[in-house]
Amino acid sequence: MASSGAATGDDVGSSRSTLRDADSRDCILEPLSLPESPGGCTTLEGSPSVPCIFCEEHFPVAEQDKLLKHMIIEHKIVIADVKLVADFRRYVLYWKKRFTEQPITDFCSVIRTNSKAPFEEQDDYFLLCDVLPEDRILREELQKQRLKEILEQQQRERYDTSFHGMCMFCSEEFTGNRSVLLNHMAREHAFNIGLPDNIVHCREFLEILQKKLDNLQCLYCEKFFRDKNTLKDHMRKKQHRKINAKNREYDRFYVINYLELGKSWEEVQLEDDRELLDHQEDDWSDWEEHPVCAVCLFCEKQADTTEKLHIHMEDAHEFDLLKIKSELGLHFYQQVKLVNFIRREVHQCRCYGCHLKFASKSELRNHMEKTKHISMLPERTTWDQPQYYFPTYENDTLLCALSDSEGDLNAEGLKEDGIPVISEDVSNLQALKQSSVLNQLLQGEGSKSQRKL
């Protein structure tokens, strides 16, 4: 057991005023969650509180800073790095028991303030910190226990099918798994709070965000607005359909913030980036790329390969994209425009076969399947337009999987619309320069210059 003596000196005397300042201002400390109730606690059920280490005073969990002030002023004990204590309640209960077994000086460093003053004006404060091996081990065990609880909670939410929630932007209701609602807001409203598997306590998180919107507060800049329409226009025009990453209120909803003791997601991410820079020359031969899901053109079905997605669209919707590509002789960019055209029409709940609009995508899908309009593409001039070069959805993985096969080129190395395709591996560069279409452009510019002269 480590024991420490009193420290004296001018450098310690100045800490007296610092400690007394706690009486005049509140400390800003992180909130703690207590999923379990340790044995031996005599608090009211449904109203958890934390006892003082030395007396019978109790304080609500949400008022942890008041308890810290009480212990400093009344008992002259300071707990170092409170924000690094994963479970403050269990931590206090542990030391409350230990202090009844041994003197406080066996565990705490003693700080004597105002040491040059007369003895009656001197004060001794006790510092409880992780320099003490027992305290360090306790903090690490509490961190491991909290991480275990968070991962168990995340696992329950991941497979929970009883979730019921409403979209914050279009008021559409969703039931089943939380990922359905989160994916909808990301895909339809460009509001992305992260992958569902990275979030914990999702219901509470969404309730907090909804409350902010109900109070007419922007989720990103956190300014308040006079009415709902003004708030919507602001978030759309300023691209503020995202949360403020600097707001520590959201940290407890992301699993990454529980991984390492005392480190936020920014610090963990920064370390990961540094590690990548330090290992740029490492062997990447064992790299395995994780599959990215592509979404069906007509429903919410996702597949980890484009082959599976093509089979789904053909079986479920009688839409054969590969056959259409072959019959119409579509090259890569024409496929891109066709996909973006269909995405936009479906997003707007409009049938591209008869131009009727519907109240929801499910009604549109039922209509198109019943009338066989899914396979009735409009004239090429309708969708083969420059505006459809731009993706309807920014994260549309299907666009990345479209292929420009060798069959798209004719024997002369030209696409069907006359666009020359030049291989990157050119063996005779001089011949290419002489036959390049750029020569014709240069000759044309030269003749224009002579006419001007």
Side-chain angles (χ1 to χ4, degrees), residues 18-111 124-150 152-153 200-201 204 208 248-253 257-258 260-264:
T18 303
L19 291 167
R20 286 177 175 173
D21 284 343
D23 192 24
S24 59
R25 69 175 186 271
D26 289 340
C27 300
I28 301 176
L29 302 168
E30 296 179 1
L32 299 175
S33 59
L34 300 171
E36 292 183 13
S37 180
C41 180
T42 57
T43 59
L44 294 176
E45 186 175 356
S47 178
S49 62
V50 186
C52 173
I53 290 180
F54 295 103
C55 67
E56 299 304 317
E57 286 283 340
H58 282 71
F59 294 81
V61 173
E63 297 180 3
Q64 172 186 313
D65 53 339
K66 292 185 179 180
L67 172 58
L68 294 172
K69 284 173 57 178
H70 165 80
M71 291 194 295
I72 291 175
I73 296 166
E74 300 297 331
H75 307 290
K76 295 183 173 55
I77 183 170
V78 179
I79 300 176
D81 296 322
V82 177
K83 68 177 182 178
L84 302 186
V85 178
D87 193 324
F88 184 66
R89 188 185 190 194
R90 294 178 193 167
Y91 181 85
V92 168
L93 289 171
Y94 176 88
W95 283 116
K96 186 178 180 69
K97 181 176 181 296
R98 292 292 284 133
F99 287 163
T100 62
E101 299 170 348
Q102 291 178 239
I104 186 174
T105 50
D106 286 352
F107 306 105
C108 298
S109 300
V110 181
I111 302 175
D124 286 346
Y125 285 85
F126 302 96
L127 178 64
L128 181 60
C129 63
D130 60 359
V131 173
L132 179 69
E134 185 176 355
D135 186 89
R136 179 67 183 177
I137 293 172
L138 174 61
R139 292 177 185 234
E140 290 175 351
E141 289 300 320
L142 290 175
Q143 169 67 13
K144 291 177 185 177
Q145 181 62 26
R146 189 179 188 188
L147 177 59
K148 179 183 176 182
E149 293 167 355
I150 288 297
E152 290 175 352
Q153 175 66 22
V200 68
H201 301 303
E204 184 183 355
I208 289 175
R248 296 301 177 209
E249 179 185 9
Y250 305 136
D251 285 357
R252 59 196 175 99
F253 300 113
N257 293 303
Y258 298 91
E260 294 191 48
L261 183 65
K263 290 183 180 179
S264 67

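Hydrogens, waters and symmetry mates play no part in the numbers below; they use all other heavy atoms, side chains included. Numbers for residues simply follow the sequence, beginning at 1.
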Report yes or no: do E141 and Q145 form a side-chain donor-acceptor pair below 3.5 Å?
no
Strictly by modelled atom types, are R98 and Q102 linked by a side-chain donor-acceptor pair under 3.5 Å?
yes
Looking at SG of C55 and CE of M71, how far apart are the two atoms once the value is rounded to the nearest 0.5 Å?
9.5 Å
For atom CD of E56, decide whether the heavy atoms of other residues, nucleotides or ligands shown that lie under 6.0 angstrom number more than 12.
no
With a 4.5 Å cut-off on side-chain heavy atoms, are H201 and R252 touching?
no
Does a salt bridge link K144 with E140, judged by any charged N lying under 4.0 Å from a carboxylate O?
no
Answer whether the closest heavy-atom distance between the side chains of P51 and L93 falls below 4.5 Å.
yes
Pair F59, V92 - check side chain to side chain contact (heavy atoms under 4.5 Å, CB included), show working.
CA-CA 12 Å; F59 294 81; V92 168; over 6 Å; no
Between CD1 on residue I137 and CG on residue D130, distance to nearest 0.5 Å:
11.5 Å
Kindly indicate whether the side chain of V110, heavy atoms from C-beta on, has any atom under 4.5 Å from the side chain of F126.
yes
Would you call E134 and Y94 a side-chain contact if the rule is heavy atoms closer than 4.5 Å?
yes
Validation row: V200, Q153 side chains within 4.5 angstrom (heavy atoms):
yes
Note, E74 side chain near C52 side chain (heavy atom, < 4.5 Å)
no
When rounded to the nearest 0.5 Å, the distance separating CG of D87 from CG of L138 is 9.5 Å
Chi angles and distances behind the side chain to side chain contact (heavy atoms under 4.5 Å, CB included) call for W95, D135
CA-CA 9 Å; W95 283 116; D135 186 89; 3.3 Å; yes
Under the 3.5 angstrom rule, does the side chain of Q143 hit a backbone N or O of Y258 as a donor-acceptor pair?
yes
For H75, which of I77, I73, V78, I72 qualifies under side-chain contact (heavy atoms from CB on, under 4.5 Å)?
I77
Short N-O contact, D65 and K69, less than 4.0 angstrom:
no
Considering only heavy atoms from C-beta outward, does the side chain of Q64 approach that of V50 to under 4.5 Å?
no
Examine distances only and state if a side-chain atom of R139 and a backbone atom of A86 form a donor-acceptor pair shorter than 3.5 Å.
no
Taking atom CZ of F54 and atom CZ of F99, what is their separation to the nearest 0.5 Å?
5.0 Å
L128 and Y91, any side-chain heavy atoms less than 4.5 Å apart
yes
